[in-house]
Number of protein chains: 2
Amino acid sequence: MAAKQFIQELEEQRRDELIRATYHEVAEKGYSAVTLQDIATRAGVSKGSTLYYFASKEDLFLAALEWMVVHNHARIRRAVEAVDDPVEKVRAAIASIFANAQESRQFFLAYSDFVSIGARNKRFHDLNARFYHGCSGIDREIIELGVSTGAFRSVSIDDASSMSRALIDGLMMQWFFSSEITFEEYRRRCERIILDYLTV
Amino acid sequence: MAAKQFIQELEEQRRDELIRATYHEVAEKGYSAVTLQDIATRAGVSKGSTLYYFASKEDLFLAALEWMVVHNHARIRRAVEAVDDPVEKVRAAIASIFANAQESRQFFLAYSDFVSIGARNKRFHDLNARFYHGCSGIDREIIELGVSTGAFRSVSIDDASSMSRALIDGLMMQWFFSSEITFEEYRRRCERIILDYLTV
DNA sequence: ATTGTTTGACCGACCGTTCAGTTTATAATT
DNA sequence: AATTATAAACTGAACGGTCGGTCAAACAAT
């Protein structure tokens, strides 16, 4: 049993390696430019092996998207839960999202690809839609907490969470395409605008 | 000369047909799924002809991106210039952007592809960056006008235009991936949030 | 006849997927 | 303990198909 458990862990580890390799390859080259050979080479296995663990290229990429979104969300959530005050929660979420230019860049690169695939592929679209809500880290609960404690003005909760999410996504894209100001400045701008909108 | 002029117009027309065909094909199938044959067929010419007018697939796609962005921007600009009051200008821009769900969908589909290409291809990136500023239609001049006439509160002009643009992009994406509320409701939400942020 | 335009067959490269077979690890048997 | 059997893990060659780009020939216009 212990052996079997061990085997399963190894298997899980292999899958994880392949998923990480996929993520990095997609971030680097873009979805359609990445070949199974690229991924296999990066993960240190053969092309045949990758299709031993994932039935198809699409399955592997789908797993990579899920992995990427789940990990990202978990990271932000941890940062948010570390503080109590609703304003600080918002600050923590934004700080977490704009923590590292290099990582944000990678995430944006991979995610923009998955968005454009999700626009036409039902499986990717559904996965995107499933993870979209609250994925900014500034969830409904935070807004509700802020309103109930009087820290936020009582703007519609839907508007507030929609606004936060949209602003983060939109500013990420601006940062990516216009190199006028620094990543750090975009972080400050994001915090400023969102808190300006939320607070009294 | 008249004949030559006529020829040139015909040539220009061919190029335009190819560009439109490219735009529609990309919106439908996605950049990497579209083949030169697809475009040629839609435009009613042969693949060879396509490459007679555009040196490469990349050149054609680049022209399509430029066409798409320029036309979109011009359309919004016309709507904005039709009214005088800064608040009405903002309303007009948003109304123009959220005018037609079908067209917005097409635009989003094509543009999301070009974004992900622009993330790695310098030519596409540069084109994106060049057209990015003021492309939301809520340009700096509108903000300045609003502030000077007292219609807007004197928030930083950079923040205000950044915010408008980001919100429009972000809400478009939300609309695309979460079908909870209608396109029309997203339009209203967009207007509400932006004007709430801009006005006193 | 010359120049410009159009075509479709063709080439070479590429890539996802399959598969027959090898290696490795575990279990069974002697 | 040594050997064999069995299944899982893994490999790389090969296949079938696609696609961007080339080109020689055909066609049209002046």
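Per chain, numbering begins at 1; letters A, B, ... match sequence-line order.
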### Message
Using every non-hydrogen atom in the two residues, find where B:A160 and B:V155 come nearest and quote the distance to one decimal.
### Response
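That closest heavy-atom pairing would be CB-CG1, 3.8 Å.
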### Message
Which heavy atom of A:L171 sits nearest to which heavy atom of B:S162, and what is that distance?
### Response
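Answer, listing the atom of A:L171 first, then B:S162: CD2-OG, 3.6 Å.
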#### Entry: Of residues 117-127 of chain A, the positions that come close to DNA chain D - non-hydrogen atoms, cut-off under 4.0 Å
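Contacts with DNA chain D under 4.0 Å: none.
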### Query
Do A:F131 and A:L65 have side chains that get closer than 4.5 Å, going by heavy atoms?
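Not touching, per the 4.5 Å side-chain cut-off.
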### Query
With a 4.5 Å heavy-atom cut-off, do A:I97 and A:F107 have their side chains touching?
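Side chain of A:I97 against side chain of A:F107, heavy atoms only: no contact under 4.5 Å found.
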#### Entry: Contact under 4.0 Å: A:S49 side-chain N or O vs D:dA9 OP1/OP2
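So the side chain of A:S49 is outside the cut-off, no N or O lying under 4.0 Å from OP1 or OP2 of D:dA9.
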### Query
Which part of the nucleic acid does B:L36 contact within heavy-atom distance under 4.0 Å: base, sugar-phosphate only, or nothing?
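Sugar-phosphate: the residue B:L36, judged by heavy atoms under 4.0 Å, touches backbone atoms but no base.
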### Query
Under 4.0 angstrom, heavy atoms only, what part of the nucleic acid is A:S46 near: base, sugar-phosphate, or nothing?
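Base contact.
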### Query
B:K57 side chain: which of C:dT17, D:dG20, C:dT5 is closest?
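For the B:K57 side chain, the nearest candidate turns out to be D:dG20.
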### Any donor-acceptor N/O pair under 3.5 Å between C:dT17 base and A:K47 side chain
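Yes.
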### Task
Sort and list the pairs that fulfil salt bridge (charged side-chain N to carboxylate O under 4.0 Å, His left out) and have at least one residue in residues 40-54 of chain B, not counting sequence neighbours.
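Checked against salt bridge (charged side-chain N to carboxylate O under 4.0 Å, His left out) - neighbours excluded - the pairs reaching residues 40-54 of chain B are B:E25-B:R42, B:E28-B:R42.
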### Query
Do the side chains of B:V70 and B:Y111 join up, straight or via other hydrophobic residues, at under 4.5 Å, putting them in one cluster?
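Yes: a chain of side-chain contacts under 4.5 Å links B:V70 to B:Y111.
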### Task
Would you give a per-nucleotide map of nucleotides 23-28 of chain D, 5' to 3', where B means the base has a protein non-hydrogen atom under 4.0 Å away, S means only the sugar-phosphate does, and - means neither?
------
#### Entry: Cation-pi check, A:R105 onto A:F108 ring (under 6.0 Å, within 45° of axis)
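Cation-pi check for A:R105 and A:F108: fails.
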